[in-house]
Amino acid sequence: MRAGRLAAYAGLFVLGAVVGAAGALVQGGFFPAGLLLALLGAAGAFHGGARAVGTKAGAVAAAAGWLVAVMLLTATRPEGDFLFGAGLGSYGFLLGGMVVAVMCATLGQRPQPGASGARLGK
């Protein structure tokens, strides 16, 4: 791997962490629209990471950052503080983000080759 590609993966990891932290705040603040906005932001980061790098590993790097940030924010502190409450929005963000990450990481990246001028079989 080249240094540029490693830097891109590191940047996508940080971007995924920022999107995860921002989505955790937005989904709880503005429930129906905030949840949709948070999931669209996550999908944009994952799919954009795959397109920017040109491989599925770009989506995986952004999804890994998102997952680390979200898992750190779900843990309770000794004082009893927590960011995610038990509700439809929180569970929708956690499960929806994971589903979006898997979808973006497994989608095909290469377009189909163009059709030739000749018909097949002739």
Can you name the residues that form a side-chain contact (heavy atoms from CB on, under 4.5 Å) with A8, not counting sequence neighbours?
V53

Taking all heavy atoms of A17 and all of A69, pick out the closest pair and write down the distance.
O-CB, 3.4 Å

Do you know which two heavy atoms are closest between A21 and L73, and how far apart they sit?
CA-CD1, 3.8 Å

Taking every heavy atom of A57 against every heavy atom of Y9, the minimum-distance pair comes out as CB-OH, 3.5 Å

Derivation of the side-chain contact (heavy atoms from CB on, under 4.5 Å) call for F93 and V26:
CA-CA 10 Å; F93 178 66; V26 169; over 6 Å; no

When rounded to the nearest 0.5 Å, the distance separating OG of S90 from CG of L35 is 9.0 Å

How about V100 and C104: do any of their side-chain heavy atoms sit closer than 4.5 Å?
yes

side-chain contact (heavy atoms from CB on, under 4.5 Å), that's the test. Do T55 and R5 meet it? Break it down for me.
CA-CA 11 Å; T55 64; R5 187 164 286 237; 3.6 Å; yes

Using the test side-chain contact (heavy atoms from CB on, under 4.5 Å), find all partners of M71 that sit at least two apart in sequence or belong to another chain.
L67, T74

Could you list the residues that satisfy side-chain contact (heavy atoms from CB on, under 4.5 Å) with L15, not counting sequence neighbours?
L12, V19, A45

Taken in chain and number order and not counting sequence neighbours, the residues that satisfy side-chain contact (heavy atoms from CB on, under 4.5 Å) with A101 are F46, A63

Would you kindly confirm whether W66 and V18 end up in one hydrophobic cluster when ILVMFWY residues are joined by side chain heavy atoms under 4.5 Å apart?
no

